[in-house]
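Here is the structure we will look at, set down as structure tokens.
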Amino acid sequence: MTLATWLTFFLACWAISISPGPGALSAMSAGLKYGFARGYWNTVGLILGILAQFMIVAVGLGAVLAASETAFTVVKFLGAGYLVYLGFKQLRAHAAPVTLDTDEQDTASARELVMRGMLLNLTNPKGTVFLLAVVPQFVDPSQPLTQQYAMLAGSLAFTDIVVMGVYTLLAAKVLGLLRGPSHIRWMNRTIGSLFIVAGLFLATFRRHA
């Protein structure tokens, strides 16, 4: 892989990560509710999810999802349903004052936050199909594939680590200034609605759109 090829993919990774989507919403939601230090575990899950998607593409399962209408549809609606579930859960969340410190009211463990982020990315077939369409363009089949896949996956993970961390930090520090129950209720409704919209959008996503 040439330097120019890698730089092109690296720039594409930044664009992909910065673009608002379910991952960014999830990172901001975690930052708002748990603060940066604890909410960042959600980002760890998001990274694991995108890396798992990358591995799926690398071993060929992405091709199966792209070729099978049934498999794609099942994964698509699982992802859409999960986003809608998160949205309604956020809408019904208690309007407690935001705190950046861990307290007894915070029931989600670090493991649960990791799993939440990982499932969010794993059940998003648009990401798998996107990777399937983009990654092969940056791979030289005449060169060892393992090293190339490792470099591409590492680049994608690095940009997500930074961008999702920024989203989490901004939510924790800026949105964390909101203390009144009415403010928290408004934020819960906004984030919950965005999750639901993202889920409905995912449900209408077509493979050849």
Side-chain angles (χ1 to χ4, degrees), residues 1 5-31 34 36-68 71-72 74-76 78-80 82-83 86 108-141 143-169 195 198-199 202 205 207:
M1 181 184 298
T5 299
W6 175 78
L7 285 175
T8 302
F9 181 78
F10 191 54
L11 290 175
C13 288
W14 283 104
I16 295 165
S17 296
I18 293 173
S19 300
L25 294 177
S26 180
M28 288 188 288
S29 177
Y34 304 107
F36 177 76
R38 191 173 176 193
Y40 197 77
W41 285 108
N42 181 76
T43 292
V44 173
L46 291 171
I47 303 304
L48 293 176
I50 197 65
L51 288 178
Q53 279 192 327
F54 195 98
M55 290 179 62
I56 289 172
V57 171
V59 300
L61 183 55
V64 175
L65 288 177
S68 170
F72 177 84
V74 169
V75 177
K76 177 180 74 172
L78 282 175
Y82 185 66
L83 286 177
L86 289 179
S109 65
R111 181 187 178 193
E112 289 172 331
L113 290 174
V114 170
M115 290 300 298
R116 186 180 304 172
M118 186 166 63
L119 286 173
L120 185 64
N121 268 345
L122 277 176
T123 57
N124 184 358
K126 187 175 182 180
T128 301
V129 175
F130 177 83
L131 287 175
L132 181 65
V134 171
V135 170
Q137 302 180 38
F138 296 93
V139 174
D140 184 354
Q143 301 296 324
L145 294 178
T146 302
Q147 292 89 329
Q148 295 183 75
Y149 281 135
M151 183 177 296
L152 295 177
S155 301
L156 184 60
F158 172 77
T159 56
D160 254 15
I161 287 172
V162 175
V163 172
M164 296 306 158
V166 170
Y167 278 135
T168 305
L169 181 62
F195 269 125
L202 178 58
F205 173 73
R207 290 184 299 170

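Along the sequence shown, residues carry numbers from 1.
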Worksheet item: Of all heavy-atom pairs between L46 and N121, which one has the smallest distance, and what is that distance?
Response: O-ND2, 2.7 Å
Practice prompt. For R116 and Y34, work out which heavy atoms get closest and say how close.
Written response: NH1-OH, 3.9 Å
Practice prompt. Check L122 against G49 and note the closest heavy-atom contact, atom names and distance.
Written response: CD2-O, 4.0 Å
Worksheet item: S29 side chain to L25 main-chain N or O, any donor-acceptor pair under 3.5 Å?
Response: no
Worksheet, complete the sentence: For A27 and T43 the tightest heavy-atom approach is CB-OG1, 4.3 Å
Item to complete: Measure the CE-CG distance between M118 and L51 for me, rounded to the nearest 0.5 Å.
Response: 11.0 Å
Discussion item. So which atom in F54 and which in L156 form the shortest heavy-atom distance, rounded to 0.1 Å?
Written reply: CD1-CD2, 4.4 Å
Worksheet item: With sequence neighbours excluded, what pairs up with F10 under the side-chain contact (heavy atoms from CB on, under 4.5 Å) test?
Response: W6, W14, S155, F158, T159
Practice prompt. Name all residues meeting the side-chain contact (heavy atoms from CB on, under 4.5 Å) criterion together with I161; count only those two or more places apart in sequence or in a different chain, and write none if there are none.
Written response: Y40, I47
Worksheet item: Nearest heavy-atom pair of N42 and A30: which atoms, and what distance?
Response: CB-CB, 3.7 Å
